[in-house]
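Below you'll find the structure, written out as structure tokens, and then a few comments.
So you know, we letter chains A, B, ... as the sequences are listed, proteins then strands, and number each from 1. What you are looking at is a predicted structure, and each value in this text was computed from that prediction instead of being measured.
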There are 2 protein chains.
Amino acid sequence: MTQMTTVDAVMRTLADPTRRAVFERIVSSDEITVVDLTRGSGVTQGAISQHLKSLKQAGLVAERPEGRNVFYRAEPKGLAPLVDWMGDYAVFWRERFANLRTLLKEIDP
Amino acid sequence: MTQMTTVDAVMRTLADPTRRAVFERIVSSDEITVVDLTRGSGVTQGAISQHLKSLKQAGLVAERPEGRNVFYRAEPKGLAPLVDWMGDYAVFWRERFANLRTLLKEIDP
DNA sequence: CTAATGCATTAGTCAACGCTAATTTATCGA
DNA sequence: TCGATAAATTAGCGTTGACTAATGCATTAG
């Protein structure tokens with residue numbers, strides 16, 4: 001129920017190619033500002049800010065203001081609902097999912 | 001690149017709550033007809049057929065016509081691009097973040 | 001044969017969405 | 001202090017997308 005809403009938010013947020021590209025770029029970077037994200041994005045700064053707002057509301061990114069800059073970073077927990085959803089509903093591709101779980105387990109210190 | 005298009009298709013297809021519910025129901029069933037899917041879906045039969053078309057084009061379901069019925073079933077490989085996409089970013093996290101305990105706890109309780 | 005059932009498709013409607021341009025607020029440098 | 005930069009926000013616009021209602025096309029039942 002509550003979780004389904006979360007899955008819905010994550011799915012909807014990552015469905016847009018531009019917004020997903022922004023997210024991927026944030027993940028690839030350690031921390032990145034809005035101007036840097038705007039560079040080479042193909043859209044205006046305002047659009048980027050809107051996408052960041054969506055990503056933040058979905059719990060996929062977090063922000064750290066510093067002076068007049070705002071640094072964004074990826075929020076690892078944000079994708080958890082997506083993993084859970086796949087665990088619940090995808091019955092047949094257990095092998096691949098098991099591999100992902102194994103990979104994530106290896107990271108566990 | 002080619003795969004990114006696939007991820008895009010899967011994400012976009014599963015983003016809609018109604019269509020995702022249809023997919024979930026197909027996964028839960030072994031095989032299921034359009035009328036059965038329409039039952040309790042809250043939308044018309046035409047809408048269901050449209051969603052099924054999207055799901056089929058995204059490679060998430062397959063069909064088996066039998067008489068005037070058409071049985072739909074889940075396509076195992078359909079979610080693979082999504083799993084792979086997440087796997088890629090799990091690797092990124094592995095390199096960049098030391099602590100993923102929270103995520104792991106949610107995934108594997 | 002005729003009526004009914006299962007499904008796909010189409011046109012049309014309405015709301016949601018992504019984008020731009022412009023404005024606003026806040027902060028930094030000269 | 002003043003101009004420039006960073007970021008968020010808003011209104012407005014065009015597009016996409018989900019839905020209904022209606023139609024068409026098979027197939028089955030009576």
Side-chain angles (χ1 to χ4, degrees), chain A residues 4-26 29-75, chain B residues 4-26 29-75:
Chain A
M4 185 172 179
T5 313
T6 311
V7 172
D8 195 73
V10 173
M11 286 269 194
R12 194 193 310 275
T13 303
L14 292 176
D16 179 65
T18 307
R19 188 161 48 233
R20 191 171 62 254
V22 169
F23 175 70
E24 292 173 356
R25 202 161 162 194
I26 294 177
S29 316
D30 187 30
E31 276 189 335
I32 187 170
T33 63
V34 180
V35 262
D36 285 343
L37 282 172
T38 305
R39 262 184 113 82
S41 68
V43 294
T44 62
Q45 175 265 318
I48 295 294
S49 277
Q50 291 173 5
H51 285 309
L52 289 171
K53 186 176 182 179
S54 300
L55 289 168
K56 197 176 76 174
Q57 286 177 345
L60 290 165
V61 300
E63 57 184 356
R64 182 180 64 85
E66 181 180 301
R68 57 182 169 179
N69 299 315
V70 176
F71 291 88
Y72 281 86
R73 63 177 182 278
E75 198 70 50
Chain B
M4 184 173 175
T5 313
T6 312
V7 172
D8 193 73
V10 174
M11 286 268 195
R12 189 149 27 92
T13 303
L14 292 176
D16 179 66
T18 306
R19 188 162 47 233
R20 192 171 61 253
V22 169
F23 175 71
E24 291 172 357
R25 203 158 161 196
I26 295 178
S29 317
D30 188 30
E31 278 189 334
I32 186 171
T33 63
V34 180
V35 261
D36 286 343
L37 282 172
T38 305
R39 269 181 103 90
S41 68
V43 294
T44 62
Q45 174 265 317
I48 295 294
S49 277
Q50 290 172 6
H51 285 310
L52 289 171
K53 186 177 182 180
S54 299
L55 289 168
K56 196 176 76 174
Q57 286 176 345
L60 290 165
V61 300
E63 58 184 355
R64 182 179 64 85
E66 181 180 301
R68 57 181 170 181
N69 299 317
V70 177
F71 291 88
Y72 281 85
R73 64 176 183 278
E75 196 68 47

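- In this structure, A:S54 and A:R68 both approach DNA chain C, and ranking their closest nucleotides by distance from the 5' end singles out A:S54.
- Nearest to the side-chain atoms of B:D16 among the listed nucleotides D:dT9, D:dT20, D:dC19 stands D:dC19.
- Rounding to whole angstrom units, CZ of residue B:R39 and P of C:dC7 are separated by 12 Å.
- Residue contacts for A:G46: at a heavy-atom cut-off of 4.0 Å it reaches a base atom on one of the strands shown.
- Rounded to an integer number of Å, the gap from CZ of A:F71 to P of D:dT5 is 17 Å.
- Between A:L55 atom CG and D:dA8 atom P the separation is 12 Å, expressed in whole Å.
- Whole-Å rounding puts the B:I48 CD1 to C:dT10 C1' distance at 18 Å.
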- Please step through side-chain hydrogen bond (donor to acceptor under 3.5 Å, both in side chains) for the pair A:S49 and A:Q45, ending with a clear verdict. CA-CA 6 Å; A:S49 277; A:Q45 175 265 318; 3.1 Å; yes
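- Close to C:dC17, at under 4.0 Å from its OP1 or OP2, lies no side-chain N or O of A:H51.
- In this structure, B:Y72 reaches the C:dA8 phosphate: one of its side-chain N or O atoms is under 4.0 Å from OP1 or OP2.
- Distance from the side chain of A:N69 is smallest to D:dA7 among D:dA7, C:dG18, D:dT20.
- Judged by distance alone with a 3.5 Å cut-off, no donor-acceptor contact links the side chain of A:E66 to the base of C:dT27.
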- Treat a base pair as Watson-Crick or G-U wobble with both distances under 3.5 Å, then lay out DNA chain D in dot-bracket form, 5' to 3', with | for cross-strand pairs. ||||||||||||||||||||||||||||||
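- If you take CG of B:L37 and P of C:dG6, they are 13 Å apart, rounded to a whole angstrom.
- The minimum heavy-atom distance linking A:V43 with A:T38 is given by the pair O-CG2, 3.7 Å.
- Between A:R20 and B:D8, at least one side-chain nitrogen of the basic residue sits less than 4.0 Å from a carboxylate oxygen of the acidic one, meeting the salt-bridge criterion.
- Rounded to whole Å, the distance from CD1 on A:I32 to C1' on D:dA7 is 14 Å.
- Looking at the side chain of B:K53, the nearest of the listed nucleotides C:dA8, C:dT9, D:dC19 is C:dT9.
- A:S49 has no side-chain polar atom (N or O) that falls below the 4.0 Å cut-off from OP1 or OP2 of D:dA7.
- Within 3.5 Å, a donor on the side chain of A:Q45 pairs with an acceptor on the base of D:dA8, or the reverse.
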- Trace of the side chain to side chain contact (heavy atoms under 4.5 Å, CB included) decision for A:H51 with A:D16: CA-CA 9 Å; A:H51 285 309; A:D16 179 65; 3.4 Å; yes
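- Nearest heavy-atom pair, B:L52 versus B:V61, reported as atom, atom and distance to 0.1 Å: O-CG2, 4.1 Å.
- Taken to the nearest 0.5 Å, the OH atom of B:Y72 stands 13.0 Å off from the CG atom of B:L60.
- A distance-only check finds no donor-acceptor pair linking the side chain of B:R19 to the backbone of B:L55 [under 3.5 Å].
- Checking the phosphate oxygens (OP1, OP2) of C:dG18, no side-chain nitrogen or oxygen of A:T18 falls inside 4.0 Å.
- Taking for each of A:T13 and A:G67 the nucleotide of DNA chain C with the nearest heavy atom, the 5'-most of the two is the partner of A:T13.
- Atom CD of A:E63 and atom P of D:dA8 are 7 Å apart (whole Å).
- In this structure a side-chain-to-backbone donor-acceptor pair under 3.5 Å is missing from B:R12 to B:A58.
- Relative to the side chain of B:V43, the nucleotides D:dC19, D:dA6, C:dA8 differ in distance, and D:dC19 lies closest.
- In this structure, B:L52 atom CG and C:dA8 atom P are separated by 6 Å, rounded to whole Å.
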